[in-house]
Amino acid sequence: MKKYKEIAAVILLIVLVISAGAYAVITFPITARADNTPIITIPVITMPSITFPPDLIPSPDRFREISTETGAGNFSDTYPRGMDYGMNDILAVGAYDTAAYEIRFFDGKSWISREVDFRPYLLEWEPDYTPLLYATDGLNIYVSSNPTAELPVWSQITSNEDEASFRGMYVNSSGTLYVVDALNTQIQYYKNSEWKTMSFPDITGALTDITAIGFDYYVTDYYNSCIWHRNFLGQWNKIEDEDYIKNPTFIDSDSEGNLYFISYAKNSEGENKKAIVKYEGGSFSIFVPGGDGVGYISNSFPVWDELCINHHDRLFYSDMASRMIIKEKDDINEIISVEINGAGLQLMEGWTQANWTVEPEIETAEILASPWCPYSTIEGLGTFPLEFGENYFPLVCIPETGTSKEYTILIIREISDNPLLSDISIDSVLIDGFNPNIFAYTGINFPYDKESIELSATPQDSNAIVTGTGTLNIDVGYNLFVISVIAQDEVTDQQYIIAVNRAEAPATPTPAPSPTSTPDSTPSPTPASSSTPTPTPIPTSSSTPSPTPTATGTTEPTPTPSTEPSTEPTPTPSSSATPDSEPSKSPEPGSTQTLTPSSTPNPGTDSEDNIDVSFGTWINEHPGIAATAGVVAGGTLILVAYQLSKKGKKKKAGKSPE
């Protein structure tokens, strides 16, 4: 038992030494013996010298390079100077060499460059969504409202007579520009087109940059290795720390009131190395350590590296030694806008599903979406076919780091309730004057020899069901045909009534009797030498020869008719035996004619008052009314009209006048 107590004591001693951070080399006993127990050999353990840094350094995996090897994102042949991130989600980086001056812009996906005629030493976006960018070459201040345009316009807002050495810049929420004047050791600010000077302690130093948190201002002092702080009362004081603040340069702040600045801070070996330091709640920590590569900042070019914090509270910085632009990765997985076929959806905060309804005729949906962070990507975008009813489309927002988030877009394609027709045709000839909201047509006449028609109709919605069409036989007289349309919803319906009149058979013509001449009681014979006797006229419409008149009461011979043609006109048959006119011909299939419904009463009706059986006019005056008709004895046409509801239920509306 004593043996185990000794081992436990040794282990406890090791834990205590490590916890205290002691520097020691601990050697365990080589052997341990207890009466009849065997010898236990414990290896020699040498604890290395350990130093504990005063803060926790974030993993370099939290950063990535956004500069590129080609195009405007390639800074290998130039000097990246000046940097700021705007509310319009655009990063601006100055670039200059001996050949040209440029400002390069990155929107999260691609880089572009725009030439300027001054050296872009420092840049500062106005904290608004308007693209107002300030720039300085160290001697003058310039401003542009269209810096990303192909031909940007820059205006100088300082005087050439003023001697200054401008370094850092800051624009507050009210649009006031603050500029550090290192030459005159003062802060100048530009408001309402006038330059003024902010009071500052009478010091001899090298002021570098300025930022603000609310009404508190912070100015880095490179020579005095401190940060000057002015509170809302206008009083200045110094923030100093020998481990973290040495030759500080550029500074910025996030939305939570934390400061980030480039400085020389002590590393774990106690050496001052360039780093990006975070000042949070009165304490300091190393946010980006010194070193080479992404997630580190190199130790050369002490005052040329630059940093900024965007409105997502993510850090961007340049590394002059490696010519890289590096950013802190975002873990934002929010989608802030969705468009379907160009129409924006209203999204609630924290949404995960959005619904959208489209008309039945919409067959496809183009889905576009934007992430809150431009560096995140969205999967599931594109153009997709739509089925009737519910269509679900998943979207996935993938951040640069962290967890992806899934969203659902529900698009409901409505089922059509349209039971209307776009046209009706008979024998491929459209009915003239067709109106989809007029549901009865009459006055369509055909000759007797027309025994059938081809009735067709086209629905406005191709998904509707049409019945009552096809090849239909027609009887002599009036024929009523009903075309029924059932909408896609299988509830709403509509009927169209077509009245077609087939003429009666033409009457057979009756031959007129030949006229018989009646001779006088005492006929006077005509000498043979006189003119040729006139024969009895024979109607041309009769095939029966006219009888030869016989003279009575005389013994003289009957004159022989001459064989020469008569000069007398042929008698005209009686009007009572006049045959019907020749029947009209029906239109040929494929004809471009139109059938014009007529309101003329049917000739030859048995009705004493010759009733007008055209009921199209009455129906047309009652939109939304369908009718059923029937012919009763005497040729009178009775109409029973029905008004159709949305769900297809019929309600008796009334009886039309005869």
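Quick caveat: nothing in here was measured; it's all calculated off a predicted structure.
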Do [X] and [Y] have side-chain heavy atoms sitting under 4.5 Å apart?
| X | Y | answer |
| --- | --- | --- |
| Pro120 | Glu102 | no |
| Phe316 | Val93 | no |
| Val171 | Leu132 | no |

Margin query: Both conditions, 6.0 Å and 45 degrees, for the charged tip of Arg114 above the ring of Tyr101: are they met here?
Written below: no

Notebook entry, point to check: Step by step, would you call Phe434 with Tyr441 a ring pair (Phe, Tyr, Trp, His ring centres under 6.0 Å)?
Noted result: CA-CA 9 Å; Phe434 174 80; Tyr441 297 87; 5.7 Å; yes

Item checked: Ile340 versus Ala365, closest heavy-atom pair with distance -> CG2-CB, 4.2 Å

Check: Which heavy atom in Phe250 sits nearest to a heavy atom in Asp305, and how many Å separate them?
Finding: CD1-O, 3.0 Å

Notebook entry, point to check: Excluding sequence neighbours, so at least two apart, what forms side-chain contact (heavy atoms from CB on, under 4.5 Å) with Glu69?
Noted result: none

Checklist line | Contacts of Asp313 that satisfy side-chain contact (heavy atoms from CB on, under 4.5 Å) - sequence neighbours left out | finding: Asp254, Ser255, Glu256, Ile309

Item checked: Whether Ser484 side chain and Thr467 backbone form a donor-acceptor pair below 3.5 Å -> no

Item checked: Any donor-acceptor N/O pair, Asn391 side chain to Ile411 backbone, under 3.5 Å -> yes

Can [X] and [Y] be counted as having a side-chain donor-acceptor contact under 3.5 angstrom?
| X | Y | result |
| --- | --- | --- |
| Asn355 | Thr357 | no |
| Asp423 | Thr458 | yes |
| Ser416 | Asn418 | no |

To the nearest 0.5 Å, what is the distance between [atom1] ([X]) and [atom2] ([Y])?
| X | Y | atom1 | atom2 | result |
| --- | --- | --- | --- | --- |
| Leu472 | Ile426 | CG | CD1 | 9.0 Å |
| Ile335 | Leu345 | CD1 | CG | 11.5 Å |
| Ile325 | Ile66 | CD1 | CD1 | 7.0 Å |

For residues 368-378, tabulate all N or O donor-acceptor pairs below 3.5 Å that involve a side-chain atom, not counting sequence neighbours.
{"from": "Ser370", "atom 1": "OG", "to": "Ser337", "atom 2": "OG", "distance (Å)": "3.3"}
{"from": "Ser376", "atom 1": "OG", "to": "Ile332", "atom 2": "O", "distance (Å)": "2.8"}

Check: Out of Ile210, Thr211, Ile141, which residue meets the side chain to side chain contact (heavy atoms under 4.5 Å, CB included) rule with Met169?
Finding: Ile141

Check: Given Leu395 and Leu381, is the side-chain contact (heavy atoms from CB on, under 4.5 Å) satisfied, shown in steps?
Finding: CA-CA 7 Å; Leu395 298 180; Leu381 306 180; 3.8 Å; yes

Relative to each other, are the rings of [X] and [Y] parallel, tilted or perpendicular (30° and 60° limits)?
| X | Y | value |
| --- | --- | --- |
| Tyr129 | His311 | perpendicular |
| Trp351 | Tyr407 | tilted |
| Phe284 | Tyr244 | parallel |

Note to self: I'd like to know whether Leu420 forms a side-chain contact (heavy atoms from CB on, under 4.5 Å) with Val485, so could you lay out the CA-CA distance, the side-chain angles of the two residues, the decisive distance to 0.1 Å, and finally the verdict.
What the structure shows: CA-CA 7 Å; Leu420 300 180; Val485 186; over 6 Å; no

Check: Below 4.0 angstrom, N of the basic side chain to O of the carboxylate: do Glu334 and Lys405 qualify?
Finding: yes

Next item on the list: Tell me, with the steps shown, if Phe388 and Asn463 meet side-chain contact (heavy atoms from CB on, under 4.5 Å).
Entry: CA-CA 11 Å; Phe388 288 102; Asn463 297 288; 3.3 Å; yes

Item checked: Aromatic contact, Tyr178 with Tyr217 (centres under 6.0 Å) -> yes

